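Source: prediction; values computed, not measured.
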Amino acid sequence: MKYPEKLKKGATVGIIAPSSPVPEERVGQCIETVESLGYRVKAADNLAASKGGYMAGDERVRGQWINRMFEDPEVDAVFCLRGGDGANRLIDFIDPEVIRNNPKIFVGYSDVTSLHLLFNQQCDLVTFHGPMVSSNMVDHFDPESREAFFDAIAGEGNYVYKAPEGKEIGIARAGRAKGRLTGGNLTVLCASVGTPYELDTEDKILFIEEIGEHIGNLDRHIYQLRNAGKFDRAAGILLGQFTRCDQDEPDYSIVNVLLEATEGMNIPIMYNIQSGHDFPMINLPMGAVCTMDSADRSILFE
């Protein structure tokens with residue numbers, strides 16, 4: 001796996017919209033926000049485009065912009081505008097060789113999960129499950145999210161997940177595990193099954209997050225992964241934010257579902273990891289070697 005070069009102030013960031021768009025008036029705000037962080041900007045021309053009202057233009061165009069940003073020698077990192085819908089349509093239009101031969105920082109989450117899987121598994125590139133431009137940086141780039149963001153993409157040495165104040169890591173099943181981090185949004189992970197970028201969990205730490213799903217739907221998704229064998233050889237599981245996910249009984253949550261789905265597998269499970277569709281949104285390097293240890297509630301990335 002290739003860990004991309006750290007991002008320095010004054011570097012050029014490419015902003016892309018691989019999923020849904022933003023209103024035209026917000027495009028300028030997004031560019032100005034990234035510039036205010038100390039970077040130059042190259043923006044794709046489809047950030048406010050619309051196909052069907054929920055995709056940032058045609059999938060061929062969205063896929064080609066990814067290729068162009070990675071091929072462009074002036075672009076040092078690629079930030080996703082936002083999530084939404086439609087990123088799984090891009091797979092046929094992305095050239096894995098271009099990504100593999102031009103390793104760069106790539107940041108996004110939610111619908112972007114399908115691209116993390118593709119880049120990690122087929123392009124050998126470490127990517128970042130982290131804040132997006134419109135979704136996080138423009139209106140609410142809180143200090144903890146900002147610190148973790150720069151620690152991950154610009155810091156030196158190992159990267160340590162720091163639990164925000166009042167958000168202590170929970171232990172569902174104690175243990176220590178080491179493996180490359182994979183995963184992302186639960187719905188998108190399930191949608192990958194049976195595709196060329198299908199989630200591979202063997203000897204890996206699986207990270208899962210979700211938004212706006214009832215506990216019954218979460219249960220269905222978790223058991224889809226279980227029935228597809230995705231927990232059988234996983235090294236460990238990290239549960240992120242489950243934002244606006246309703247449960248019918250206060251004492252029965254996604255943690256209970258996971259414990260039952262992995263019963264007898266002796267897989268360590270830690271929860272309340274602050275990465276997903278809420279704030280703070282802590283950056284996680286996908287594809288990096290991760291060590292999780294319940295003894296000291298630590299998560300370390302090499």
Quiz item: Where does the angle between the aromatic ring planes of Phe207 and His129 fall among parallel (under 30°), tilted (30 to 60°) and perpendicular (over 60°)?
Solution: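 Aromatic pair Phe207/His129 classed perpendicular.
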
Exercise. Fit a plane to each ring of Phe106 and His116, take the angle between them on a 0 to 90° scale, and name the class: parallel (under 30°), tilted (30 to 60°) or perpendicular (over 60°).
Key: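 Geometry flag for His116 against Phe106: perpendicular rings.
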
Quiz item: If you group Ile, Leu, Val, Met, Phe, Trp and Tyr whenever their side-chain heavy atoms sit less than 4.5 Å apart, what else falls in with Phe279?
Solution: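 When side chains under 4.5 Å apart are linked, Phe279 ends up in no cluster with other residues.
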
Ignoring hydrogens and angles, write down the donor-acceptor pairs under 3.5 Å from the side chains of residues 152-170, residues two or more places apart or on other chains.
unit_1 : atom_1 : unit_2 : atom_2 : d
Tyr159 : OH     : Asn283 : O      : 2.7
Tyr161 : OH     : Gln274 : N      : 2.8
Lys162 : NZ     : Glu147 : OE2    : 3.4

Quiz item: Within a reach of under 6.0 Å around CD of Glu97, are more than 12 heavy atoms found that belong to other residues, nucleotides or ligands?
Solution: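 Counting other residues, nucleotides and ligands, CD of Glu97 exceeds 12 neighbours.
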
Practice problem: Might you confirm whether atom CD of Glu260 has over 12 heavy atoms from other residues, nucleotides or ligands at distances under 6.0 Å? | Solution: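 Yes.
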
Quiz item: Are any side-chain N or O atoms of Gln247 and backbone N or O atoms of Glu249, one a donor and one an acceptor, separated by less than 3.5 Å?
Solution: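 Looks like yes, one N/O pair under 3.5 Å.
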
Quiz item: Any donor and acceptor pair, going by atom type alone, linking the side chain of Thr113 with main-chain N or O of Val188 inside 3.5 Å?
Solution: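 Here the side-chain-to-backbone pair does not exist.
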
Quiz prompt | Ile267 and its side chain to side chain contact (heavy atoms under 4.5 Å, CB included) partner, picked from Leu259, Ile205, Ile237 | solution =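 Looking at Leu259, Ile205, Ile237, the match for Ile267 under the side chain to side chain contact (heavy atoms under 4.5 Å, CB included) is Ile237.
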
Quiz prompt | Output field: ring centroids Phe301/Tyr3 closer than 6.0 Å | solution =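 Not close enough - the centres of the two rings lie 6.0 Å or further apart.
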
Quiz item: On the ring face of Trp65, is Arg62 found with NZ or CZ under 6.0 Å from the centre and within 45° of the axis?
Solution: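 No, Arg62 does not lie over the aromatic ring of Trp65.
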
Quiz prompt | Any pair counted as salt bridge (charged side-chain N to carboxylate O under 4.0 Å, His left out), so long as it reaches residues 81-94, sequence neighbours left out | solution =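 Matches after skipping sequence neighbours: Glu59-Arg89.
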
Exercise. Flag the pair Leu206 / Thr182 as yes when at least one side-chain heavy-atom distance between them is below 4.5 Å, and no otherwise.
Key: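 With C-beta onward as the side chain, the pair touches.
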
Quiz prompt | Chi angles and distances behind the side-chain hydrogen bond (donor to acceptor under 3.5 Å, both in side chains) call for His277, Gln241 | solution = CA-CA 7 Å; His277 289 75; Gln241 295 163 335; over 6 Å; no

